[in-house]
Amino acid sequence: MSLHLPDGSTLAYGAATASYQIEGASTEDGRGVSIWDTFAARPGAIRDGSDGSVACDSYHRYEEDADLLAGLGVGWYRFSIAWPRIVPEGTGRVETRGLDYYDRLVDALLARGVSPTATLYHWDLPQALEDRGGWLERSTAEAFADYAMVVHERLGDRVGVWATHNEPWCAAYLGYAAGIHAPGRREGGRAHVAAHHLVLGHALAAERLHAAGVTDVGMALNLAPFWPETPEAEAAADGIDAIRNRLWLGPLVDGAYDDGLLAVAPELADPAVVRDGDLELARGSADWIGINYYTPFRPAVPDPSIPVHHELDAYPGAAPVSIVVREPRTDIGWEVDARGLEELLVETHARTGLPLVVTENGAAYPDDRLVEGAVGVIDDQDRIGYLRDHVAATERARAAGADVRAYILWTLLDNFEWAEGYTKTFGVVQVDPKDQTRTPKASYRWFAEHIAGAG
Ligand code: IFM
């Protein structure tokens, strides 16, 4: 069992989760308050009024979850670390009981032959840092690198593959522009400053992790394949493409923000924000790139008959466009088209030359169909179809030369789906919200059989 990035001789498989979405135990063992605790308590912020205080209770049930991973036959488990469990105030005092939890989790995985890969930031910022300005402040990036090293010092002997951020576009723009994710702020173009500080936090952490001997530091990006409806739409959507895609790869590959991006995000040309050396530090800081893919993105010239996607507030400075969403769609309204994943993998490999991991891919479907004659088994053929098509798309990208090392599905367990609460289920294992009982779905069996057959 290797702790390094899989070598790519065959496609490796994994499953992913994130701390706030599954752990619960939000006040246990000295955990500090996170921005998601605060945001979820805001009336109307979460569709069903829920929060992550109990979630899947994985803080206590991690052994059972490790058994589920072993039963699935995955080689990898991608989990995230809750920063407020480790450094409850964001800086300063370290909570060893938080580190002990991840220590136990990592050991439980290794004992079952599952390699751990840890994501350091999957959106649960300590509230104390948000109170000091959150990602709008440069000091948050510096605090992030300090926290990363605390975690590495404890787990680095058993965790080799690290992701700094998960989907930093969401953290910056859903959090600080659209305001539909924590911390729920609507700061317009200031969200570009948050984006730069996320890039900087990654670069500072990567520099120190590399100095400590880590060779596999990456970032999980929700890049979007752009499929404009018309040539006019392509031009109109350039600003959105810049913010969603180029803002992240530009610093990592070229050590620069491109001119088209700077035209819509002048904050990124401000030398007080992007200081000398920041972008040079980012260049070459990633050893691999994670791709989180769910759906393609079809911009159209503004048309009142086509709804403007609700996330458009999340592209400050960019020209507004309408977004066409074709059928079929999942329960969360996202168009299903696996060719988007294939294209993203091929293009991202061509752009970066780096090894890639599909760090997330999966689908929300209403899990209300039971297998006839069986008790409690959800017959989620739609999810099986989605996964089958996207695994095949990943294999096609590999055949076309993209260096894709692993396919990690989202997600092991039905969990707290952010602003959607518990109303949208992506898991291959159902979790009863009343008592956290876990029941594998038909998709769990399908994925296990696929992995066994592939192996
Ligand atoms: O649940 C999320 C995850 O936390 C980040 N990527 C998208 C998933 C589905 O919305």
Side-chain angles (χ1 to χ4, degrees), residues 18 20 35-36 38-39 42 45-46 119 121-125 129-130 133-138 140-141 144 164-202 219-226 236-252 257-258 260-270 273-274 282 290-297 299 308-323 332-334 344 360 417-420:
Y20 190 73
I35 56 172
W36 271 94
T38 309
F39 182 68
R42 190 191 278 188
I46 310 297
T119 300
Y121 188 66
H122 198 126
W123 309 348
D124 37 3
L125 186 73
L129 286 180
E130 178 56 32
W135 286 107
L136 297 178
E137 292 299 319
R138 190 177 177 90
T140 296
F144 174 72
T164 51
H165 300 308
N166 180 74
E167 300 180 2
W169 174 81
C170 294
Y173 293 100
L174 299 185
Y176 290 86
I180 59 172
H181 277 194
R185 293 172 65 171
R186 296 178 65 84
E187 301 278 348
R190 296 246 297 148
H192 300 309
V193 176
H196 177 66
H197 290 150
L198 283 149
V199 169
L200 179 66
H202 157 85
M219 191 169 0
L221 299 172
N222 56 338
L223 304 177
F226 262 61
D238 184 71
I240 291 179
D241 185 23
I243 293 169
R244 182 64 178 258
N245 294 324
R246 286 149 31 207
L247 191 154
W248 314 102
L249 294 181
L252 299 182
Y257 294 128
D258 67 60
L261 172 61
L262 295 179
V264 295
E267 293 78 1
L268 297 176
D270 180 350
V273 173
V274 182
I291 300 286
N292 293 3
Y293 173 79
Y294 293 87
T295 188
F297 208 89
V308 172
H309 200 270
H310 75 278
E311 283 172 2
L312 284 184
D313 285 350
Y315 298 93
V321 292
S322 294
I323 301 295
I332 206 165
W334 297 346
L344 259 189
E360 283 183 26
E417 177 53 28
W418 307 113
E420 303 292 334

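Just so it is clear, the values below take in all heavy atoms, side chains as well, and ignore hydrogens, waters and symmetry mates.
Using a 4.5 Å heavy-atom threshold, the side chains of L249 and L221 count as touching. Contact annotation: the side chain of E360 approaches that of N166 to within less than 4.5 Å [non-hydrogen atoms, C-beta and beyond]. The shortest distance between side-chain heavy atoms of I35 and Y20 does not fall below 4.5 Å.
Between atom OH of residue Y315 and atom CZ of residue R244 there is a gap of 4.0 Å, rounded to the nearest 0.5 Å. Taking CD1 of I323 as the reference point, atom CD1 of I240 lies at 5.5 Å (rounded to 0.5 Å). In this structure, L344 CG and Y293 OH are separated by 7.0 Å, a value rounded to the nearest 0.5 Å. For the atom pair CG (L174) and CD (E167), the distance works out to 9.0 Å, reported to the nearest 0.5 Å. Rounding to the nearest 0.5 Å places OG1 of T140 at 8.0 Å from CD of E130.
When every heavy atom of G188 is checked against every heavy atom of A177, the shortest pair comes out as O-CB, 4.2 Å. Listed here is the closest heavy atom pair of A172 and A191: O-CB, 3.7 Å. Taking all atoms of both residues into account, the shortest heavy-atom contact from H197 to L136 is CE1-O, 3.1 Å. The two residues N245 and L223 have their closest heavy-atom pair at OD1-CA, 3.2 Å. The heavy-atom pair separating L262 from A269 by the smallest distance is CD2-N, 3.9 Å. Residues H192 and P316 approach most closely at NE2-O, 3.0 Å, considering heavy atoms.
Residues satisfying the salt bridge (charged side-chain N to carboxylate O under 4.0 Å, His left out) test with D270, not counting sequence neighbours, are none. Residues satisfying the side chain to side chain donor-acceptor pair (under 3.5 Å) criterion with E187, sequence neighbours excluded, are R185. The salt bridge (charged side-chain N to carboxylate O under 4.0 Å, His left out) check on R42 picks up nothing, with sequence neighbours excluded.
Just one of L247, N222, N292 meets the side chain to side chain contact (heavy atoms under 4.5 Å, CB included) condition when paired with W169; it is N222. Looking at Y173, Y121, Y176 one by one, the single match for ring-ring contact (aromatic ring centres under 6.0 Å, His included) with W135 turns out to be Y121. Between H165 and the options W248, W123, F144, a ring-ring contact (aromatic ring centres under 6.0 Å, His included) holds for only F144.
Judged purely by atom type and a 3.5 angstrom limit, T164 has no side-chain atom pairing as donor or acceptor with the backbone of M219.
Ring geometry, H196 versus Y257: the interplanar angle exceeds 60°, so the pair is classed perpendicular (tilted spans 30 to 60°).
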Discussion item. Could you walk me through whether F297 and V321 satisfy the side chain to side chain contact (heavy atoms under 4.5 Å, CB included) test, starting with their C-alpha distance in whole Å, then the side-chain angles of each, then the deciding distance to 0.1 Å, before giving a yes or no?
Written reply: CA-CA 11 Å; F297 208 89; V321 292; 5.6 Å; no
